[in-house]
Amino acid sequence: MSVPISAVWPGKPYPRGATWDGEGVNFALFSEHADKVELCIFDDKGRREVQRIRLPEKTDEVWHCYLPEARPGMLYGYRVHGPYEPEQGHRFNPHKLLLDPYAKALSGSISWSDANFGYRIGHERADLSFDRRDSAAGMIKCRVIDPAFTWGDDRRPNVAWHDTVVYELHVKGFTMLQPDVPPQLRGTYAGLAAGPVIEYLKRLGVTTVELMPVHAFIDDRHLVEKGLRNYWGYNSIGYFAPDHRYGGDRPVSEFKTMVKSLHSAGLEVILDVVYNHTGEGGHLGPTLCFRGIDNASYYRLKPDEPRYYMDFTGCGNTLNMVHPRVLQMIMDSLRYWVTEMHVDGFRFDLASALARELHEVDRLGAFFDIVRQDPVLSQVKLIAEPWDLGEGGYQVGNFPGGWTEWNDKYRDTMRGYWKGDGGIIGEFAQRITGSSDLYEHSGRRPHASINFVTAHDGFTLEDLVSYDAKHNEPNLEGNGDGNNHNLSWNSGVEGATRDAQVNALRAQRKRNFLATLLLSQGVPMITAGDEIGRTQRGNNNAYCQDNEVSWVDWNVTHDKHQLLAFTRRMIRLRREHPVFRRRRFFQGRPIHGSEIKDIMWLKPDGAEMSDEEWQHEHARSLGVLLSGEAMTEVDARGRHVSDGTFLLLFNAHHEEISFRLPTREATIRWLVMMDTTHQDGLARNGAFDAGDAYPLKGRSLALLQQQSL
């Protein structure tokens with residue numbers, strides 16, 4: 001803004017944020033405890049504050065004004081006046097420029113200095129002191145946007161949950177090294193919308209991309225000073241603004257174009273969202289937004305010591321979901337991303353923190369009640385990371401209807417089983433059949449379980465079979481960060497090797513994991529790059545590695561291409577056969593008077609498992625007979641769904657085991673569909689008659705389909 005604003009009208013308290021109506025801009029900011037709020041307007045480069053305007057009106061604790069001369073593109077921020085009384089929970093400091101929590105776009109980045117902190121760093125009593133240095137010069141600015149966009153006939157793909165295959169990716173890391181994407185588009189929303197990328201996703205067969213955080217976030221000062229970055233983005237500072245580092249000068253329209261392009265290809269877009277905490281950290285963190293606007297309202301403070309924060313997240317603070325205005329902000333944010341940005345759902349980071357009414361986790365807390373009743377949000381995909389770091393925060397299986405959950409019990413069981421651990425064959429059976437022990441009691445279905453073996457947090461699939469221990473030295477924390485409980489096995493050699501035998505075993509184990517994941521009941525989630533052997537060189541906490549450690553390496557060698565082809569085949573097999581993506585849990589008994597059970601558990605001798613045998617420590621092999629004939633489901637048009645009969649054979653033992661094939665009818669044979677001992681997974685040994693012995697190699701699985709003679 002080169003010309004000062006001359007007219008200031010009262011404006012309205014809703015909607016919050018900066019809203020362009022075609023003639024001017026309405027500004028509205030909530031602060032319950034503030035004494036005065038000033039709107040700060042900056043020049044076009046955000047370097048110079050050209051005007052301050054006191055917001056003249058306050059309605060229901062929302063400060064507001066209308067500027068008829070303001071236009072989209074204007075850069076702004078706030079200064080909020082009020083008591084600086086940390087002992088009482090108040091941290092107002094008008095010397096600190098603050099972001100609008102409802103800003104739709106941000107500009108610039110933080111240039112870290114002591115001025116970004118509301119207290120005097122190094123002072124004897126630290127945060128109880130008061131810092132008068134102005135932070136505006138090194139602060140991000142908010143940008144007024146024009147939300148107009150031509151969506152045309154864009155519509156949600158609405159992939160049914162039981163048909164969903166989730167693909168978790170990082171917007172930047174997925175395309176930074178992609179040679180088929182123009183260099184200027186790599187690492188951006190536009191890069192993810194590029195033709196070669198969409199073609200890759202379509203050929204892979206996934207239905208839904210889950211984007212790691214794209215809400216505007218900050219790089220922590222301690223990371224920047226080490227030459228690192230908060231690459232993952234779980235450090236939100238703006239819940240309405242797509243992070244501009246992925247979108248150039250027009251992040252909002254670039255993001256919308258990306259969504260529209262993915263939708264045109266039939267692909268859903270889910271956002272990984274972080275509403276449990278913000279990037280302002282604990283009581284010694286910077287003053288960037290919420291802390292300076294109304295600390296006592298936005299954050300959960302310790303009741304007996306409001307100087308300090310209740311930290312259920314491990315990140316220093318927890319958003320105050322108990323406060324109606326904070327809850328409103330989160331709901332407004334979610335609806336904005338669905339209605340204005342057209343996303344198809346959300347994965348909630350540390351979702352248990354959202355359920356904490358007081359100290360306890362309340363599975364029917366206000367947030368979940370409101371979401372369930374909301375006509376917009378109740379219709380999109382909702383995924384919970386069902387834990388936080390507070391007491392009682394582990395809530396796998398306890399989220400209400402309408403929610404799905406990341407199932408870490410599935411992850412740990414699959415890792416333990418294929419590592420060769422004993423005594424878990426019963427749990428293995430529960431997990432591959434949809435975890436009915438976790439979800440059926442609440443009336444949910446198999447799709448409530450989001451199954452995964454790897455995710456952004458932890459080892460990649462390549463590293464899971466290549467390392468016994470984490471190697472996080474590049475994080476510059478003395479290898480003390482990251483989880484030590486990885487349930488991994490390096491297959492005989494730690495890290496990269498040229499040993500052909502070791503590499504062959506690793507390749508086979510990767511096929512085991514992928515095949516098990518894609519043939520399990522529930523919703524499979526693949527981590528980007530696992531299908532082509534992406535490695536992080538043993539780093540299981542690469543949150544700060546914005547470089548080749550984290551980016552997907554698209555140099556696809558022959559072996560990687562074989563793994564990619566195998567993954568495509570397994571996804572296609574899942575899509576073609578509804579018996580692997582049932583809508584209801586197995587019953588394990590004859591259906592409707594038939595002699596045919598929908599599932600049978602078999603020992604290598606062909607007999608059914610007894611109750612006692614599920615407890616055997618030495619049991620590492622299992623046959624699973626899945627009957628498509630016994631399915632009792634109907635499709636969306638009311639037609640009965642049926643399928644063939646399949647036999648899954650699992651052997652986590654290191655030696656070959658012969659499996660006696662079922663002999664219910666003498667007029668059948670078993671066609672081998674897949675065997676992970678082969679590099680491409682294709683069977684080499686054709687068909688077997690009923691009653692024959694199938695030689696299942698060590699550490700492998702096979703899939704056979706029943707055929708009539």
Side-chain angles (χ1 to χ4, degrees), residues 16-17 30 99-104 210-218 230 232-243 270-281 285 288-291 293-295 297-301 309-341 343 345-357 361-363 365-372 374 376-378 380-390 393 395 399-400 402-406 456-457:
R16 281 150 71 180
F30 159 75
L99 297 175
D100 179 356
Y102 276 69
K104 305 303 190 299
E210 180 179 307
L211 306 182
M212 290 177 65
V214 297
H215 285 171
F217 64 91
I218 60 173
N230 195 309
W232 285 354
Y234 293 91
N235 213 27
S236 300
I237 202 65
Y239 292 118
F240 294 79
D243 198 279
I270 288 178
L271 301 189
D272 193 338
V273 291
V274 190
Y275 294 112
N276 53 77
H277 74 280
T278 79
E280 289 187 301
L288 309 174
C289 181
F290 311 95
R291 174 174 283 130
I293 293 172
D294 196 337
N295 186 66
S297 295
Y298 276 107
Y299 291 119
R300 297 287 298 271
L301 307 180
Y309 297 80
M310 298 180 71
D311 182 11
F312 299 118
T313 66
C315 300
N317 64 58
T318 304
L319 272 177
N320 186 13
M321 294 289 293
V322 179
H323 197 289
R325 291 297 193 182
V326 179
L327 184 57
Q328 180 190 18
M329 178 189 72
I330 294 174
M331 297 302 295
D332 286 347
S333 169
L334 290 168
R335 279 189 290 263
Y336 174 79
W337 286 95
V338 174
T339 60
E340 294 294 323
M341 308 296 266
V343 304
F346 305 93
R347 178 265 186 190
F348 292 81
D349 180 66
L350 300 181
S352 292
L354 304 177
R356 290 184 179 272
E357 297 280 316
V361 174
D362 180 353
R363 69 182 293 270
F367 174 70
F368 299 102
D369 285 340
I370 292 172
V371 169
R372 177 178 284 188
D374 189 279
V376 174
L377 301 179
S378 62
V380 302
K381 284 185 162 75
L382 302 172
I383 305 173
E385 183 183 38
W387 52 79
D388 64 19
L389 300 186
Q395 292 292 316
F399 276 68
W403 286 76
T404 64
E405 303 175 15
W406 270 26
H456 67 272
D457 188 3

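It should be emphasised that the depicted structure is a prediction, and the values quoted were computed from it without experimental measurement. Worth knowing before you read on, the calculation uses all heavy atoms, side chains too, and leaves out hydrogens, waters and symmetry mates. In what follows, residues are counted from 1 in the order of the sequence shown.
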Where is the tightest heavy-atom contact between Gly281 and Arg291, given as atom of each residue plus distance?
O-NH2, 3.0 Å
Does the plane of the ring in Phe367 sit parallel, tilted or perpendicular to the ring in Phe348? Use 30° and 60° as the thresholds.
perpendicular
Is there a donor-acceptor pair closer than 3.5 Å between any side-chain N or O of Thr404 and the backbone N or O of Leu382?
yes
Rounded to the nearest 0.5 Å, what's the gap from CG on Asn230 to CH2 on Trp232? Could you check?
9.5 Å
Do the non-hydrogen side-chain atoms of Ser297 and Asn320 ever get within less than 4.5 Å of each other?
no
Identify, with sequence neighbours excluded, every residue that meets side chain to side chain contact (heavy atoms under 4.5 Å, CB included) alongside Leu389.
none
Side chain to side chain contact (heavy atoms under 4.5 Å, CB included) between Asp311 and Asn317: does it pass, once the steps are laid out?
CA-CA 5 Å; Asp311 182 11; Asn317 64 58; over 6 Å; no
Residues at least two apart in sequence or cross-chain that pass side chain to side chain contact (heavy atoms under 4.5 Å, CB included) with Ser236, listed by chain then number, are His215, Tyr239, Val274
Verdict with reasoning, Leu211 to Asp272, per side chain to side chain contact (heavy atoms under 4.5 Å, CB included)
CA-CA 6 Å; Leu211 306 182; Asp272 193 338; over 6 Å; no
Would a 4.5 Å heavy-atom cut-off, applied to side chains only, mark Ile383 and Glu405 as touching?
no
Using ring-ring contact (aromatic ring centres under 6.0 Å, His included), reason through Trp337 and Phe346 one step at a time and then give a plain yes or no.
CA-CA 10 Å; Trp337 286 95; Phe346 305 93; 8.0 Å; no
Return the minimal non-hydrogen interatomic distance between Gly279 and Ile218, and the atom names on each side.
O-CD1, 3.3 Å
For Asn276 and Ala353 the tightest heavy-atom approach is CB-CB, 3.7 Å
When rounded to the nearest 0.5 angstrom, what is the spacing between CG in Leu350 and OG1 in Thr313?
6.5 Å
Is the His277 to Tyr309 ring centre distance short of 6.0 Å?
no
Is the closest side-chain heavy-atom distance between Phe30 and Val326 below 4.5 Å?
no
Check: Arg16 and Met329 side chains under 4.5 Å, non-hydrogen atoms
yes
Can you list the residues that meet the side chain to side chain contact (heavy atoms under 4.5 Å, CB included) rule with Asp332, with sequence neighbours excluded?
Tyr14, Tyr102, Phe240, Gln328, Arg335
Taking the six-membered ring of Phe312, is NZ or CZ of Arg356 closer than 6.0 Å to its centre and within 45° of its axis?
yes
If we only count heavy atoms from C-beta on, is the Glu280 to Phe290 side-chain gap below 4.5 Å?
yes
Going from CG on Leu301 to CG on Asn295, what distance comes out if it is rounded to the nearest 0.5 angstrom?
5.5 Å
Here the pair of heavy atoms bringing Cys289 nearest to Ile237 is CB-CD1, 4.1 Å
For the pair Asp349 and Arg347, find out whether any cationic side-chain nitrogen is under 4.0 Å from an anionic carboxylate oxygen.
yes
Taking all atoms of both residues into account, what is the closest heavy-atom pair of Tyr234 and Met212, and its distance?
CE1-CE, 4.0 Å
Let me confirm one number: the CG-OG1 distance from Leu288 to Thr278, rounded to the nearest 0.5 Å.
8.0 Å
Heavy-atom pair with the smallest gap, counting every atom of Leu377 and Val338
CD2-CG2, 4.0 Å
Hey, are the side chains of Phe399 and Gln395 touching, using non-hydrogen atoms and a 4.5 Å cut-off?
yes
With a 4.5 Å heavy-atom cut-off, do Val343 and Ile270 have their side chains touching?
no
Does Ile370 reach the side chain of Met331, with side-chain heavy atoms less than 4.5 Å apart?
yes
